[in-house]
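A quick note: this is a predicted structure, and the numbers were derived from the prediction, not measured. Note on naming: letters A, B, ... go to the chains in the order of the sequence lines (proteins, then strands), and numbering restarts at 1 for each one.
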Protein chains: 2
Amino acid sequence: MSGKEIRRSMPLFPIGTVMQLTELTARQIRYYEEHQLISPARTEGNRRLFSLNDIDRLLEIKDLIDQGINMAGIKQLFLVKEQQSNMMEQQTEKAKPDLTNEQLRKLLRNELMHSGRLNRSSLRQGDISRFFH
Amino acid sequence: MSGKEIRRSMPLFPIGTVMQLTELTARQIRYYEEHQLISPARTEGNRRLFSLNDIDRLLEIKDLIDQGINMAGIKQLFLVKEQQSNMMEQQTEKAKPDLTNEQLRKLLRNELMHSGRLNRSSLRQGDISRFFH
DNA sequence: AATCTTATGTTAGATTTTCTAACATGGTTT
DNA sequence: AAACCATGTTAGAAAATCTAACATAAGATT
């Protein structure tokens with residue numbers, strides 16, 4: 001279902017809330033945007049509005065920075081991750097129909113998670129969504 | 001589990017976001033607060049911060065107003081609802097242990113939903129949480 | 001060692017958002 | 001008609017956020 005994706009990308013949170021949720025400073029958050037690690041939406045009046053996805057991403061960024069990775073590295077990681085998730089989509093589409101999409105997705109995700117440390121953190125998604133029902 | 005309740009009562013949203021999500025005006029939202037139908041949290045600087053529960057409640061209020069019920073009526077409904085949910089708790093606690101809490105809760109909820117129209121809307125919760133994962 | 005780079009802090013001034021309080025108004029109820 | 005209810009509108013103040021600029025500590029590069 002893609003309604004989930006829509007909900008998760010809905011711009012809801014002002015920077016103040018995001019600061020508390022992520023324990024990042026406004027400066028840090030804006031800096032990461034400047035380096036195109038996130039692209040929060042804007043209100044009519046130009047104030048940033050963040051989605052759940054944005055917040056997940058910020059928590060990921062925090063992790064990666066703790067691991068000593070710099071902006072360029074993180075950007076690259078996100079690119080690779082996106083490619084992979086596209087690959088997964090393709091694989092899933094032409095999959096044998098005796099496995100449900102759900103099952104297949106799990107298999108592929110699992111595979112990726114256990115192949116090379118690059119993906120560990122980038123696929124460990126859903127940090128913030130734990131806050132929600 | 002009560003972690004869910006905590007998450008759902010976490011103050012996250014400024015009034016602007018709530019206006020969009022509920023299609024209520026700021027005036028309406030403040031008016032409902034004035035009549036103690038909601039009690040959003042406040043920032044240090046006195047700006048309102050709403051939780052998912054608050055938003056659910058606002059949507060409920062909207063429904064009830066559409067049904068022609070006034071402030072006093074809605075307030076009363078919420079009181080009754082809360083009493084009932086307390087009663088449910090008690091019932092659930094001392095329940096025969098050959099039914100899981102989950103099952104019992106469903107039973108009771110179902111019972112309430114089908115007894116008197118008062119409860120229909122007040123137990124039809126989770127409107128806004130559909131937005132979240 | 002001196003310099004450059006990176007990630008972040010800090011400050012200033014402008015703009016947007018939200019606040020309360022007051023008054024206005026069209027439907028209802030009395 | 002008078003009063004009440006739910007909401008609109010307005011004004012002025014305060015808070016939150018914005019961009020841009022300068023500051024700086026720790027690492028990397030020369």
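One finds the CD1 atom of B/I38 at 9.5 Å from the OG atom of B/S51 (value rounded to the nearest 0.5 Å). In this structure, the separation between CD1 on A/I74 and CD on A/Q67 is 9.0 Å, given to the nearest 0.5 Å.
In terms of heavy atoms, B/L37 sits closest to B/R57 at O-NH1, 2.7 Å. For the pair A/D54 and A/L49, the tightest heavy-atom approach, listed with the atom from each and the gap, is OD2-O, 4.2 Å.
Mapping B/N70 and A/I15 onto DNA chain D by nearest heavy atom places B/N70 at the nucleotide closer to the 5' end.
Between B/R8 and B/D56 there is a salt bridge, since a side-chain N of the basic residue sits under 4.0 Å from a carboxylate O of the acidic one.
With sequence neighbours left out, B/R42 forms a salt bridge (Lys or Arg N to Asp or Glu O under 4.0 Å) with B/E33.
Atom CG in A/L49 sits roughly 13 Å away from atom C1' in D/dA16 (whole-Å rounding). One atom, CD1 of B/I65, and another, C1' of D/dA6, lie 8 Å apart when rounded to the nearest Å. With rounding to whole Å, B/R42 atom CZ is found 13 Å from D/dA15 atom P. Atom CD in A/E44 sits about 16 Å away from atom C1' in D/dC18, given to the nearest Å. One can place CG of B/L24 at 14 Å from P of D/dA6, the figure rounded to the nearest angstrom. Rounding to whole angstrom units, CE of residue B/M71 and C1' of D/dT7 are separated by 10 Å.
Among pairs with a residue in residues 23-64 of chain A, those fulfilling ring pair (Phe, Tyr, Trp, His ring centres under 6.0 Å) read A/Y31-A/H35, at least two apart in sequence or across chains. Pairs engaging residues 13-30 of chain B under the side chain to side chain donor-acceptor pair (under 3.5 Å) rule: B/T25-B/Q28 [sequence neighbours left out].
With the 3.5 Å cutoff on both pairing distances, Watson-Crick and G-U pairs in DNA chain C assemble into runs of at least 3 at C:1-30 with D:1-30.
Heavy-atom contacts of chain A under 4.0 Å fall on DNA chain C between two terminal nucleotides, which in 5' to 3' order are C/dT6 to C/dT17.
Near DNA chain D, defined here as any heavy-atom distance below 4.0 Å, the residues from residues 25-41 of chain B are B/T25, B/R27, B/Q28, B/Y31, B/Y32, listed numerically.
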**Audit row: A/N53, A/E5, side chain to side chain contact (heavy atoms under 4.5 Å, CB included) steps and yes/no** = CA-CA 9 Å; A/N53 276 336; A/E5 225 355 90; 3.0 Å; yes
**Asked** What's the verdict on side chain to side chain contact (heavy atoms under 4.5 Å, CB included) for B/I65 and B/I61, showing C-alpha distance, side-chain angles and the deciding distance?
**Response** CA-CA 6 Å; B/I65 284 180; B/I61 293 171; 3.9 Å; yes
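A donor-acceptor pair under 3.5 Å is absent between the side-chain atoms of A/N86 and the main chain of A/Q83, judged by distance alone.
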